[in-house]
**Student:** 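This is the structure I have questions about; it appears just below.
So that the names make sense, note that chain A is the first sequence line, chain B the second, and so on, each numbered from 1. Computed over heavy atoms, backbone and side chain alike; hydrogens, waters and symmetry mates excluded.
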2 protein chains.
Amino acid sequence: MKPVVVLDKIMETAERLFYEQGYNLTGINQIIEEANISKPSLYNHFKSKNDLLLAYLDQAYSKWFEDLAIFTAGMTTPFDRLIALFDYRISRQIKTDFKGCAFVKISGEVSNDNIDVFERTKKYKNDIKAHVIDLVKQLDRPKDRLLSNDELAETIFSMLEGSLLMAKINKSYQPLEDAKNIVRKLV
Amino acid sequence: MKPVVVLDKIMETAERLFYEQGYNLTGINQIIEEANISKPSLYNHFKSKNDLLLAYLDQAYSKWFEDLAIFTAGMTTPFDRLIALFDYRISRQIKTDFKGCAFVKISGEVSNDNIDVFERTKKYKNDIKAHVIDLVKQLDRPKDRLLSNDELAETIFSMLEGSLLMAKINKSYQPLEDAKNIVRKLV
DNA sequence: GTCTATAGAAGGATAGAC
DNA sequence: GTCTATCCTTCTATAGAC
């Protein structure tokens, strides 16, 4: 998709730079330069850099769930879809050279009283968790398992986040692979 | 401990501001102002802002393990010490109003090719993991448990990180409490 | 709606006096 | 070793022409 509209150019460039370099290390100047637009054009679409950040986060949210739907399109069982969450993240981290979660990155960068960013991060993560809980409910598990459904969901989600973090730090998808195999046993 | 030496003032102020506001949002000007020193004095001790950051990380590393040793001083069994890892983090997060892990925050802020920061973060996290592995080995577990020792250690560590992240995002220690209770069952 | 040009503040870092 | 004073760069944002 070649961007023809200025807004598209801005979003495409901001997405790339915010994620790869970080929000604070990416100046407005660099964005307009690489997007080949002028500064007032940017401020015509966004009233501030923070506004552009929020638009970036909203786009990242939508893309994440859309891409997940595509990734799991052929899968029918809840078990497969649970395991796919790990594979989905592995594939994304390999593509981005293990830069980690965009929302975690940003929420570590901005001020703690930036409520707009805080709420978006919270919603993103808790929607993923809700997805895990939903899938676990659909599983047909024996009654005598070690963990309850709630506990299993909590464990899967927590390991999904923890192993993603370690994948970033170690620049390796091994933590995600290990977590995936453990989850298989816990179900 | 009232800082009498300039170096102490710098470290104390930098530690507070880097952690509370973030590295990039904390300017040299703010540090010298709140530390009540002059700019050349700071550059007499550190050749750059990045150098000060590295000193801050090294101090945070030492303090974390020292404080853990104090926290677990009275504990004798490996099981208690494993559970204490969660309580230790809960107590710290309550104290800091859920600002999360200092190393994770920083590694999300700096450039990915800042090797000095990257290596320190890696060492910090993997030393915690090594500690978990060591404690799990000391456990006297039945042979018929669902998870092997390696798998259990991986799970505990991953949940320790994942639940800490969610504690920060939700500004609640509940994720850490939930993880702790699940770990109790998995051991 | 997009441009050129610039404002005004804050960033990190240094020279030179003491 | 610590200061006052200053340098140059970069930052976000805007005024005004087209």
**Student:** In terms of ring plane angle, is the pair Tyr23(A) and Phe18(A) parallel, tilted or perpendicular, where the classes change at 30° and 60°?
**Tutor:** perpendicular
**Student:** Would you mind reading off the distance between Glu33(B) atom CD and dT4(D) atom P, rounded to a whole angstrom?
**Tutor:** 13 Å
**Student:** Mind calculating the distance between CG (Leu25(A)) and P (dT10(D)) to the nearest angstrom?
**Tutor:** 14 Å
**Student:** Whole angstrom is fine here: how far is it from CG in Leu42(A) over to P in dC11(D)?
**Tutor:** 14 Å
**Student:** Parallel, tilted or perpendicular: which fits the ring planes of Phe65(B) and Tyr124(B), with parallel below 30° and perpendicular above 60°?
**Tutor:** perpendicular
**Student:** Nearest whole Å is fine: how far is dT10(D) P from Asn29(B) CG?
**Tutor:** 17 Å
**Student:** On DNA chain D, check which nucleotide each of Pro40(A) and Thr26(A) is closest to and give me the residue with the more 5' one.
**Tutor:** Thr26(A)
**Student:** In terms of side-chain geometry, is the basic nitrogen of Lys185(A) or Glu151(B) positioned less than 4.0 Å from the acidic oxygen of its partner?
**Tutor:** yes
**Student:** Of all nucleotides in DNA chain C that come within under 4.0 Å of a heavy atom of chain A, which is furthest toward the 5' end and which toward the 3' end?
**Tutor:** dG1(C) to dT4(C)
**Student:** Establish, yes or no, whether a centroid distance under 6.0 Å links the rings of Tyr88(A) and Trp64(A).
**Tutor:** yes
**Student:** Could you give the CD1-to-P distance, from Ile31(A) to dT12(D), as a whole number of Å?
**Tutor:** 8 Å
**Student:** Say whether Ser111(A) and Asp113(A), considering side chains only, have a donor N or O and an acceptor N or O under 3.5 Å apart.
**Tutor:** yes
**Student:** Taking the nucleotide of DNA chain D with the closest heavy atom to each, which residue, Lys39(B) or Leu7(B), is nearer the 5' end?
**Tutor:** Leu7(B)
**Student:** Looking at Asp97(B), I'd like to know if its CG atom is crowded, meaning that more than 12 non-hydrogen atoms belonging to other residues, nucleotides or ligands lie closer than 6.0 Å.
**Tutor:** yes
